[in-house]
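Just so it is clear, the structure is predicted and the values come from calculations on it, not from any experiment. Reminder, nothing fancy here: chain letters follow the sequence lines and each chain counts from 1.
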Protein chains: 2
Amino acid sequence: MEGRIERIKKQLHSASYKLTPQREATLRVLLENEEDHLSAEDVYLLVKEKSPEIGLATVYRTLELLNELNVVDKINFGDGVSRYDLRQEGATHFHHHLVCIECGAVDEIKEDLLEDVEEIVERDWKFKVKDHRLTFHGICYRCHESEDDKETKKKAD
Amino acid sequence: MEGRIERIKKQLHSASYKLTPQREATLRVLLENEEDHLSAEDVYLLVKEKSPEIGLATVYRTLELLNELNVVDKINFGDGVSRYDLRQEGATHFHHHLVCIECGAVDEIKEDLLEDVEEIVERDWKFKVKDHRLTFHGICYRCHESEDDKETKKKAD
DNA sequence: ATAGTTGCAAACCGTTTGCAATTTA
DNA sequence: TAAATTGCAAACGGTTTGCAACTAT
């Protein structure tokens, strides 16, 4: 993780930004919660645990900065809140999401899956794809199982 | 178009809502701008041209209602604004979008394109897909053309 | 030294809501 | 006529911004 922070530090510097303690603290929170999809407020509260002096505005500014540098992706699942998702190092494309309409869980798909579709889009629509956002809405395996259990019980009776 | 309004009216009634003049005016604006991706404010201004008494809150309430009834889809391209997109009659799935990062244009793809991907998601992630959101970010054919011109001029880089 | 950065509070802006008046089925 | 709907204005909530003090390089 230190290495990753070091590399992001270089990225900041090469764009003539500084790695302040606040920015580093924010980055660490993002790295420690890589699987989650935190809102700015979420990040703020987590950073505050270790750096209580930090201000919400700074978190917003840091997240915006990291978004510009493509370190994080800003995503929006339709509730009025932006969420911030760490990009995998070296990833050229954004990963996909599965949003469960039962329990609200958000799972990630890191495989590409869209290669063929992008090819079609580039060819048929003459659209040069730079990135994509793909989210499926449906029922996750966890909710699916409990649903199955109910069925099984019913049948057993 | 009258037929379509008639059908939506029935849909409203069957959920015990009324088709008020304001709602009808809003619907007409949506039908007349089917290809666009209007924000609530956009819709409001357009409705106002023909029904100047209408209030912004009513437009919001109507759009929310139509979203509930699956007549429109509420979408979000990452700017802080919700946009409302008329669903094709009988469509089970949401269509896709191409957002140009040069000029901001939003084009639509009505083909499904995701059948194979959904099959994989259902099989490998045990996720029952109900709907999806797919947006490509990149350069549209219009900007692509002018970009080509620049490249030719600039040459190296 | 100085350009960049911070925290605070106020401003912003899209959206929602309470309410009294009005309208629809 | 009763329940639904409207317009208005005020409230809301996430995000941005102006500014004086501060800090990393």
Please find the pair of heavy atoms, one from A/His137 and one from B/Arg133, that lie closest to each other, and give the distance. NE2-CG, 3.8 Å
Rounded to the nearest 0.5 Å, what's the gap from CZ on A/Arg87 to CG on A/Asp73? Could you check? 4.0 Å
Is the distance from OP1 or OP2 of C/dT23 to the nearest side-chain N or O of B/Gln22 less than 4.0 Å? no
Take the protein atom CD of B/Glu24 and the nucleotide atom C1' of C/dT23, then report the distance between them rounded to whole Å. 15 Å
Proximal nucleotide (of C/dC8, D/dC8, D/dT5) relative to the B/Arg23 side chain: D/dT5
Using whole Å, what does the distance between atom P of nucleotide D/dG13 and atom CG of A/Leu56 come to? 15 Å
Roughly, in whole Å, what's the span from CG in A/Asp79 to P in C/dT16? 12 Å
Any side-chain N or O of A/Ser82 under 4.0 Å from OP1/OP2 of D/dT15? yes
Rounded to the Å, how far apart are A/Leu19 CG and D/dT25 C1'? 12 Å
Residues of residues 34-54 of chain B with a heavy atom under 4.0 Å from any atom of DNA chain D, listed by number, are B/Glu53, B/Ile54
If you assign B/Val81 and B/Lys18 each to the DNA chain C nucleotide with the nearest heavy atom, which residue ends up on the more 5' nucleotide? B/Val81
After noting the C-alpha distance and the side-chain angles of A/Arg28 and A/Glu24, does the key distance pass the salt bridge (Lys or Arg N to Asp or Glu O under 4.0 Å) rule? CA-CA 6 Å; A/Arg28 283 185 192 281; A/Glu24 187 171 336; 2.7 Å; yes
Listed nucleotide nearest any side-chain atom of B/Ala57, set D/dT15, D/dA9, C/dC19: D/dA9
How long is the line joining CG of A/Asn76 and P of C/dG14, in whole Å? 15 Å
Is any side-chain N of the basic residue among A/Arg61 and A/Glu68 closer than 4.0 Å to the acidic one's carboxylate O? no
Could you give the CD-to-C1' distance, from A/Glu64 to D/dT15, as a whole number of Å? 10 Å
Side-chain contact check for A/His13: nearest option of D/dT25, D/dT15, D/dT6 is D/dT25
With a 4.0 Å cutoff (strictly under), does any side-chain N or O of A/Tyr60 reach OP1 or OP2 of D/dT16? no
Ignoring hydrogens and angles, does a donor from either the side chain of A/Arg61 or the base of C/dG4 sit under 3.5 Å from an acceptor on the other? no
Value rounded to 0.5 Å, distance of SG in B/Cys100 from NZ in A/Lys130: 10.5 Å
Would you confirm whether the ring centroid of A/Phe77 sits within less than 6.0 angstrom of the ring centroid of A/His97? yes
For A/Glu118 and A/His132, does a side-chain donor sit closer than 3.5 Å to a side-chain acceptor? yes
Under 4.0 Å from OP1 or OP2 of D/dT5: is there any side-chain N or O of B/Thr58 that close? no
Atom-pair distance (CG on A/Leu63; P on D/dT15), nearest Å: 10 Å
